[in-house]
Amino acid sequence: VKVTVYVYQNVKNSANPQEGTKPDYAAIKMQEGNLYVRGGTYYSYFGEDNTYCVDATGGYMAVESGDFYAYESSVCVQCDYAVADDNNYLRVTDGTFNSEVGDTVRVNNGRMTIQTVTFNKDATGVSGSDYQDNGSAINIAGGALEILNSAQFNLSGSYMDGISASGGN
């Protein structure tokens, strides 16, 4: 089964308003429960840091296979949990994650477990003047990261991190 969703009308402008709160846009959005990604190709073309291939604000997410592409400042996978507990958890067992300026995978207040994953971050030709201007392959804040088997990082460009960790746990 192949599902293609095209929603282009004014998304880039509405994702980056001049005033007010920036809304989140995602190909797949989960607010609670369980989400299993078992294949497919996911894109975020809109180029803003609040646009995602997959966005979870609660629950358990398992990425077991898939190819993810986030262009410009977009993020491949974001898990933005209110609190860090055992119910707010991202498990990635296989997949290829590709980003440019934005973080490839971003986890706030949760736990992330990785096994046999490839992260490609290509910020060549992108300007930067400060440390981390071009994001991280993995950015985890207020949570925990565990690499069980192997993770391959391919980073091109400057002003970025492979793994960035901050906060508690």
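Side chains included, hydrogens not; waters and symmetry mates left out as well; all remaining heavy atoms used.
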Taking the side chain as every heavy atom from C-beta outward, state whether [X] and [Y] have any pair of such atoms under 4.5 Å apart.
{"X": "D80", "Y": "V75", "result": "no"}
{"X": "I28", "Y": "Y42", "result": "yes"}
{"X": "R106", "Y": "C79", "result": "no"}
{"X": "E48", "Y": "S73", "result": "no"}
{"X": "L90", "Y": "M61", "result": "yes"}
{"X": "L145", "Y": "I163", "result": "yes"}
{"X": "M112", "Y": "V105", "result": "yes"}
{"X": "N109", "Y": "N88", "result": "no"}

Could you report the tightest heavy-atom contact between [X] and [Y], atom names first, then the distance?
{"X": "G47", "Y": "S74", "result": "N-OG, 3.0 Å"}
{"X": "A137", "Y": "T104", "result": "O-CB, 3.0 Å"}
{"X": "T124", "Y": "G157", "result": "CG2-N, 3.6 Å"}

**Report entry** Candidate pair D94 and E64, rule side-chain contact (heavy atoms from CB on, under 4.5 Å), full reasoning
**Finding:** CA-CA 5 Å; D94 192 13; E64 297 171 356; 5.9 Å; no
With the 4.5 Å side-chain cut-off for hydrophobic clustering, are [X] and [Y] part of the same group?
{"X": "Y69", "Y": "I138", "value": "no"}
{"X": "Y89", "Y": "Y36", "value": "yes"}
{"X": "M160", "Y": "V77", "value": "no"}
{"X": "M30", "Y": "Y25", "value": "no"}

Query raised in the report: Without hydrogens or angle criteria, can the side chains of N149 and T116 be said to hold a donor-acceptor pair below 3.5 Å?
Result: yes
Requested in this report: Taking atom types as modelled, find out whether E100 and Y71 have a side-chain donor-acceptor pair closer than 3.5 angstrom.
Outcome: no
Query - Partner of N98 under side-chain hydrogen bond (donor to acceptor under 3.5 Å, both in side chains), chosen from D67, N120, T118 - result: N120
Find the distance between [atom1] ([X]) and [atom2] ([Y]) and round it off to the nearest 0.5 Å.
{"X": "Q31", "Y": "D55", "atom1": "CD", "atom2": "CG", "result": "9.0 Å"}
{"X": "Y43", "Y": "C76", "atom1": "OH", "atom2": "SG", "result": "11.0 Å"}
{"X": "N139", "Y": "S166", "atom1": "CG", "atom2": "OG", "result": "6.5 Å"}

Between [X] (side chain only) and [Y] (backbone N and O only), is there a donor and an acceptor less than 3.5 Å apart?
{"X": "K29", "Y": "Y52", "value": "no"}
{"X": "D103", "Y": "S136", "value": "yes"}
{"X": "Y60", "Y": "R91", "value": "no"}

**Report entry** Worked verdict on Y45 versus T51 for side-chain contact (heavy atoms from CB on, under 4.5 Å)
**Finding:** CA-CA 8 Å; Y45 290 107; T51 59; over 6 Å; no
Query raised in the report: Can you check side-chain contact (heavy atoms from CB on, under 4.5 Å) on L35 and V63, steps first, answer last?
Result: CA-CA 8 Å; L35 174 65; V63 178; over 6 Å; no
Report task. Decide yes or no on side-chain contact (heavy atoms from CB on, under 4.5 Å) for S65 and R38, but give the supporting numbers first. Result -> CA-CA 5 Å; S65 179; R38 294 187 171 132; 5.5 Å; no
Query raised in the report: How are the rings of F119 and F97 set to each other: parallel, tilted or perpendicular (split at 30° and 60°)?
Result: parallel
Query raised in the report: In this structure, are over 12 heavy atoms from other groups packed under 6.0 Å from Q115 atom CD?
Result: yes
